[in-house]
Amino acid sequence: MYLMMTDCSVQVIFWRAVASIAWAVLLLPPITAVFVIISRFSLLHPIQAVSECLSFLTSASAIFSFILLCGVIIMVGFLNLEYYTVIPTIACSKIALLGQLLHPRQFVNSLGHCIMGIIVAWCCAITVGGRYETIADPCAQGDGSPQMCLNEYHLILLLAGAFVGFSHSLLGVIYNMNYVSFHTVQQYKYLRFKGSLSLVLKCSATQALYSVRNYIVVYFFLGKWSLSVHPLDSIAGLLDLSLLYHLWISASFLLFTWHLTLLLFRVFVTEVYSFPVQSSFTEDAHQCLPTVLTDKQPMILKFLALLDLALLSQHSPSRRSEVFSLSQPGGHPHNWNAISKECLSLLADLTQRLIAYHDTVATNGRAKSLSTGSERKTSSESSVPFILSVSPLTAPFTPDLDSPFASPALRRLTAPMDQCSPWFGTVQSPHIMRRVPKLWSTSTGEKSQALFADSQAHIWALEGLSYLVQSSFSEDQFGVVQTALPSILSCMLGLQEAVDRHFKLPHASSKPVRSASSMGDSTHKTLRFALRATLKTSIYRITTTFGNHLNAVKMSAEHRKRLQQFLEYKE
Amino acid sequence: MCSLALFPPPLPSGQTTLCESNNELLSGTTTEDRLKLSLKLHCRTESSSKAAFLDHSETLWMRSAAACSYIYQLMSFYINSPLSCAVVVPKWLSVSSGCTLALLRWFSSFHGSLFPHLTMSSEDMLAEFSQVLNWSDCVVRAFAWHPHTDKFAVALLDDSIKIYNPKSATTPTLKHRLQRSVAAVQWKPLCATALAVACQNCLLVWHVDPCSLSTRPSSGCAQVLSHPGHSPITSIAWSPSGSLLVSASPMDTAMMVWDVASESGVPLQRVGGGGVTFLSWSPDGSHVLASTPSALFRVWETRMWTCERWPCVKGRCQSGCWSPDGSRLLFTVQGETVIYALTFTDTPAGVPTCTSKGSQAAAVVADLSETTFNTPDGDIIVGGEIQSLAWDPTGERLAVLLKGDPQAADRPAIIAVFKTRTNPIFELLPWFVLLCVGFVQGEPGTEPRLMQFHPNFQHGALLTVCWSSGRITHMPFYFLSAGVPHFGLSGSPSLPRPQERPADFAKQSLFTELMS
């Protein structure tokens, strides 16, 4: 149903993904050419090697393997589109992480990556040529008759592809690689791509190194093939430098093409999309910013709309004037009402969430690690194994979403997929849980991360509101903002209080360790700090603009006291 | 165009400038009637021992660079020294390593000749590119007013930072293991606590609670931001909206844009220039000036972070400042004695792909070439190269710090103050008018090193000058502001300034309905 409603807007995301896949395919020929040269180059005969490379590149087998590679890239691109999320899933305990890894959906993903890994490895084997080229080698049996034997060099490469593909898929879960984060610094697509390219190359090479190391260890213990000509499961067989080099090069090639596809997908999908503030045609109304903001859309569209709101409130006076304008017959500020109402409800939701969490912590004296589900007023008593947040973003959905076979598009809507709950994945009796507290226990830092998992939306809502209020001081001709100012201020001050209290909890303010050398995005780990800073800046933006005029705004004594701190620059 | 010949002559020895009233600078001999602040000079002695010890927090990048240079030295030693004849090495090895060395040398000399600053030590580099005159022996190395309240931070020669606040009895002193060779400090706008400090190896962001009674905030109050290859940091700038921080290093061709709260930085790399030395964010937040060590500077547009290149003829851009509405940029070039101006007008706002269209060439607005004045104490030559520029937040006074010549007694470093008007009443007149006010002088034997305007002084402008003696003086210029400046040339509505004071609107009564 929602697909019909937001047809055009959903198409935007789809076409962006298609464009990113097209670029990934276009970039494949040069990358493959470089790979061919690197894998075949020999220092002793450079000219011969180059001519060999050229003749290989024009051969039929090369073209066939290239077509296969294109197919794999397209497949990877669609898997990216299928599995991406703008709200990270944060596993608060080891068991929750295990649950994520053993999820049927994740199993399908891993299987897909395994198969694609084998295909890419086969292409690599063709490309490297020589002893890797065929699966069967002619070998002489004891009686001298020619027979086909297993070529273990070929097999080791194929299995390496499967292993690297599988570990890529697992690491994707652990490092939240499917999480798409938005950047604070807006740049054109090409520049963003260029800026991240070296990082992608570095990540791919290091990850390939580790994967090959692990693979060699596994192969040493498990790789027993009776049909092999040259058994490789010995230390001497595996310490063949040329073999290790080719394994590493192939794994790097595989990971680089996949990471590149992922990078392109992220760059294209997170590009700013400018929604019209209002439209003169009623049939286009569902594409306008106020509607997109308030509708229960795919999260990505809501995020794009909020980003657009934050940018327009900051940079474009003409679009701001549309926000402040009155409807033509009637004279109602519909645009401003819809926008401010949605932003305020987002912020109020976060405040509620924080207060509820703080209350549970306060009543128990410590974080209730066993019953985090119940604090969300969710259905711990029902048979639903999953947790739905009270967020208005997710409220209207039926609980059966959480079955592993639900549509992924719908799943994406289930806002903070809070897997801190021990009920994630399987229904467990509480008695079992009490017996293994170690595995179930959650750390406050990660709980805190999970609470703020979707805070990018709140950050934009705060920025959008505060910039609009600031510019209303000189631009709002009809005083539409003025009427909402008391509620905006009390909402922000209430959130400020809740955030302050939250950061006083142990470990809530401890900074996570940043890992720069991974394709996974760790932005979500610091979202709560970003939210705290943005909240303060937003309140200051309003107090510096309005100054002592704010004394005339009605608010509670407690909020008045807090506001006074801001007016005196003491926060 | 204004030139120094139109200025009133400098004060006789013993007289110091006190303030401006009725369009002239008043002077006096006594020091009591001045807001003043003496800093302890004993901090000089502490700093000398520090350089003797190696820094333990070298990054991997720096270590590998050091290792490379060590190998390079070793190679050149063995190949060039007569010892190498005695050591039996295969012929091909010596030949090939000799070739490699020659190639390396050629490359490094080529690179060094392109960008001579890369061969400097980091202390020299900081001194060369700092906005402070003679940074290396200056007691006050950096100074920053808080953008909204009457408090300021002072970085001293011993690498400590003191925060002075007239409303509080405590004077917090900030010290950190990594806080060395402070080149710049700046308070975060729209925030009461955060202070960014540009250090030799990293960027520190201190969070100093104004209500705290502690005089020594722990180093846990500081966030450390660093990026491989991005040191020493010579300049920093907060966005006026307080959301982003940019930092520049002459060793790094990329300018870093930091999201301080999440401690993540985005490098903005452009080819050419060999580094970034000085940054200045326009008060309306739309542009950032980034000068490089070579004859080139860039003006970044902050919406999509694209830049315009501005090649200079003679030298690098030494200093620059923006008009309050962000539409005009004044800058000076090393080796020249004039002030240039550029005008930026935005395309009609609201267009998604908003790029700024600037003027095609910079216009000369003031000539500060050397001029001789006859004073009772003999001839004094004023003028020459410019160290830094400062424009007051109302856009009515421009202070220019002239370098002078430390060797010659008759060529002192001096601050020249201009009256500026950016919107003349008659369209026939040039858009920019500079009128002379006078020279600012301190006590005999002291020279100005650093200056900054108070961001929101109610009665005109307040210039704070840090002198070579370690004294900091505040100099008020009393005048009636011509009101809120008109923004832009195109007449399009523009952004309100974040530091716009509600005092200007005090007459209007808002929320009357709500009160009734």
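In what follows, chains carry the letters A, B, and so on, assigned in the order in which the sequence lines appear, proteins first and then strands, with residues in each chain numbered from 1.
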Heavy atoms of Ser262(B) and Thr526(A) approach each other most closely as CB-OG1, 3.1 Å
For Trp305(B) and Gln186(A), the nearest pair of non-hydrogen atoms, with its separation, is CD1-O, 3.3 Å
OH (Tyr569(A)) and NE2 (His146(B)) are apart, to the nearest 0.5 Å, by 7.5 Å
Applied to residues 185-196 of chain B, the salt bridge (charged side-chain N to carboxylate O under 4.0 Å, His left out) test, sequence neighbours excluded, yields none
Here the gap from Glu571(A) atom CD to Thr193(B) atom OG1, rounded to the nearest 0.5 Å, amounts to 9.0 Å
If one checks every heavy atom of Gln187(A) against chain B at 4.5 Å, the contacting part turns out to be both
Separation between NZ (Lys189(A)) and CE (Met304(B)), nearest 0.5 Å, reads 8.5 Å
Interface check, chain A: of Gly242(B), Pro189(B), Ser243(B), Cys211(B), most non-hydrogen pairs under 4.5 Å belong to Cys211(B)
Whatever's closer than 4.5 Å to a heavy atom in chain B on Leu191(A) counts as side chain
Across all chains, not counting sequence neighbours, the ring-ring contact (aromatic ring centres under 6.0 Å, His included) partners of Phe503(A) are Phe529(A)
In terms of heavy-atom contacts, Ala533(A) and Ala261(B) come closest through CB-CB, 3.7 Å
OG (Ser264(B)) and NE2 (His183(A)) are apart, to the nearest 0.5 Å, by 8.0 Å
In terms of heavy-atom contacts, Lys570(A) and Ala192(B) come closest through N-CB, 4.3 Å
What one should report as the nearest heavy-atom pair of Thr306(B) and Tyr188(A) is CG2-CE1, 3.3 Å
Applying a strict 4.5 Å limit to non-hydrogen atoms, the region of Tyr467(A) in contact with chain B is side chain
Rounded to the nearest 0.5 Å, the CG atom of Leu244(B) sits from the OG1 atom of Thr184(A) at a distance of 5.5 Å
Rounded to the nearest 0.5 angstrom, the CZ-OG distance for Arg303(B) and Ser316(A) is 6.0 Å
